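Below is one structure, written out as C-alpha cells; comments come after it.
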Amino acid sequence: MDRIRIVGGSPLNGIIPISGAKNAALPLMIASLLTPETLTLENVPRLADVNQLNRILGNHGVDYRLEGKRVGDSPYAGQTIHLDAKTIVDTTAPYELVSRMRASFWVIAPLLARMGEAKVSLPGGCAIGTRPVDLLLMVLEKLGANIEIEGGYVLADAKKGLVGGEIDFAKVTVGGTHTALMAASLAKGHTLIKNAACEPEVKDLADCLVKMGAKISGAGTSTIEIEGVTSLHGARHDVLPDRIEAGTYACAVAMTGGDVLLAGARADLLPLALDVLRQTGAQIDETAQGLRVSRKGGKIRPVDVTTAPFPGFPTDLQAQFMALMSGADGTSRITETIFENRFMHVQELARLGARIKLEGDVAIVEGRPKLKGAPVMATDLRASVSLVIAALAAEGETIVHRVYHLDRGFEQLEEKLQACGATVERLREPA
Ligand code: UD1
C-alpha cells in the first residue's frame, strides 16, 4: 500500500486550487439515474470515491463519458463528465460495490423513484460511528415505499410509484435530505421536508434537480417543498467548490504559518470555521480569486469548538482543527456532536506528541510548542488529513500509512502541498 512521507517544519506559501466538492459530486452523479437524458457535470474532482461511484452507476446501466483535457487547461482543472442513464438495466446495488462507500446507498432513491423498485446493500464507508440508515428508509416509507431488509440488503418497492408526503427529520441528516429530494422529485404530488439539512451540497443537488425540471423551493433552509413531476430531463451543472478541502488547507496554513491563496474557495461555504480560524490567530481575507489565509509568526491561540450541522462548525473539519489545536499555546476543548466515534485520529496524533484526553464526546487538547514526526496510520478520510497537517508542522519525518483513505477525498494532495514548499512525497508500493 502506498505511504506518504512528510518532512515538516516549513511554512506553506503559494496557491492551492480548490477542487469540486466530493460531497456534492457524489449525490449529483447519483441524480443522473433519475433521467433517461444526459446529465453533464463540470468541475468533478478526480477522486477514488468518484471512480467507485462510476462503477456502481455503470452496473445500473449508466454510460459514463469523460471529456478529454483541453489545450491550456490547468492540471488542477476539474473534470467534465457526461452521465447517461437511458436504460436502467439493473436495480440491484451489490454489497461488493456499495460496502466501500456510504454515499452509494443513496442510489436507492432514484432507482425506486424511476423504476418502482430497488435492492441495495446496507452501506459501508468511514468507520466513524454506527451510521444507521433508519432515517433514509423512513423517507422512502413516508413517500409510499414498502421496505424490507433481507440478507444485508434493503428491498424497496413502490410498483405504483412514489407519492408525496410529509417528512419530519428527528435529526438533521445530509444523506436523508438528499434521499428525500431525489425521491420526492419524481413522486406524485406535494412533499414537505421539515428539519432538512442546510448544507451547501444539499442546495447544490437541489439546484441541479431544478435544472433537470424538478420543482423544489426552500433548499438551503430547514424547510423544503417539492412538487413532484412525472419525468426529469438532462442538464448541465457545475459542482460547487469543496469547502472541506478549503478548510483543511486553511487549518494547515494556520498551523505551519505562511501565506496561501486558496483559489476558488468561498467564504460563504465556511461561515463559522473561518471565524474560528481567525480567533486562533490566522488572517483570512476574501479576494476575487478565493480565500487568502496567512499566519505570520505569533503563537496559535486555543479556541473551543463544537461540531454542528451547517452553518455550524463542520464535523468534517473536526480532526483537522484538532491537529491545529495540538500546536496551540494552551488548552482547547473540541466537542463532536454529529458522529459518536469520530476520534480515531486522537491516538495517531498522540504519536506525533499531541496531548489529547477524551471525555465522552469531548476531546481536551493540551497544545504543545513542537510536535515530532513519527510513523502514523490513516484511519478514515478526514482523520488521515489531520495527520498530514500535524506532520507538516512537526519536526522531522512522518510516514503516513494507508493513504488510500486520503485518495478517496483529497485530489492531488501531495502536488498541491509541494507547490507551496512542503516536503511531501508518495512512496509507491511496487506493483
Ligand atoms: C454526510 C457527508 C459526511 C459528513 C456528514 C455530516 C457525504 C458523502 N458525506 O454524510 O462527510 O460528515 O454528512 O455532515 O456527503 N443518521 C441517523 N440515521 C440515518 C442517517 C443518519 O441516525 O438514517 C445520523 C448519523 O449517524 C449522524 C447524523 O445522523 O449521527 C448525521 O449524518 P448524515 O448527515 O446523514 O451523514 P451522511 O449523509 O452519511
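As the structure lists them, so they are numbered: ligands from 1, and atoms in each ligand from 1. Numbers here simply count residues along the sequence, with the first being 1. Keep in mind the model is a prediction, meaning the values are calculated, not measured. Quick note: numbers below take in every heavy atom, side chains included, and nothing from hydrogens, waters or symmetry partners.
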Would you say [X] and ligand 1 have an N/O pair spaced under 3.5 Å apart?
X	result
Arg382	no
His178	no
Glu199	no

(request) Locate the shortest heavy-atom distance separating Ile356 from Ser326; write the atom from each residue and the value. (result)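 Scanning both residues completely, I find the closest heavy atoms to be CD1-OG, 4.1 Å.
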(request) Of all the heavy-atom pairs spanning Ala183 and Leu140, show the shortest one and how long it is. (result)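 The answer is CB-CD2, 4.1 Å.
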How far does [atom1] of [X] sit from [atom2] of [Y], to the nearest 0.5 angstrom?
X	Y	atom1	atom2	result
Glu415	Arg426	CD	CZ	8.0 Å
Leu162	Met182	CG	CE	12.5 Å
Ser185	Ile226	OG	CD1	5.5 Å
Leu317	Ile334	CG	CD1	11.0 Å
Glu414	Asp2	CD	CG	8.5 Å

(message) When you compare the side chains of Gln320 and Ser386, does any donor N or O come within less than 3.5 Å of an acceptor on the partner?
(response)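 Result is no, nothing qualifies.
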(message) If only side-chain N and O atoms count, and only distance matters, is there a donor-acceptor pair under 3.5 Å linking Arg342 with Thr315?
(response)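 The answer is yes; a qualifying pair exists.
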(request) Could you pull out, from Val174, Val139, Val133, the option with a heavy atom nearest to atom 1 (C) of ligand 1? (result)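 Comparing heavy atoms across Val174, Val139, Val133, the nearest one to atom 1 (C) of ligand 1 lies in Val174.
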Ligand-side contact atoms (ligand 1) for residue partner [X], heavy atom cut-off under 4.0 Å:
X	answer
Arg102	20 (C), 39 (O)
Lys171	24 (C), 28 (C), 29 (O), 30 (O)
Ile338	27 (C), 30 (O), 31 (C)
Trp106	7 (C), 8 (C), 15 (O), 38 (O)
Leu135	17 (C), 18 (N), 19 (C), 23 (O)
Arg342	12 (O)
Asp316	3 (C), 4 (C), 11 (O), 12 (O)
Gly175	35 (O), 38 (O)

(message) Taking a cutoff of less than 4.0 Å between a non-hydrogen atom of the residue and any ligand atom, is Asp49 in contact with ligand 1?
(response)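 False for this residue.
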(request) State if Glu201 counts as touching ligand 1 under the rule of any non-hydrogen atom under 4.0 Å. (result)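 Heavy atoms of Glu201 never come under 4.0 Å of ligand 1.
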(request) Tell me, yes or no, whether the heavy-atom count around Leu272 atom CG, taken from other residues, nucleotides or ligands under 6.0 Å, exceeds 12. (result)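 More than 12 heavy atoms, drawn from other residues, nucleotides or ligands, come within 6.0 Å of this atom.
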(request) Examine the proximity of ligand 1 to Leu136 and report which part, side chain or backbone, both or neither, has a heavy atom under 4.0 Å away. (result)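 The answer is both.
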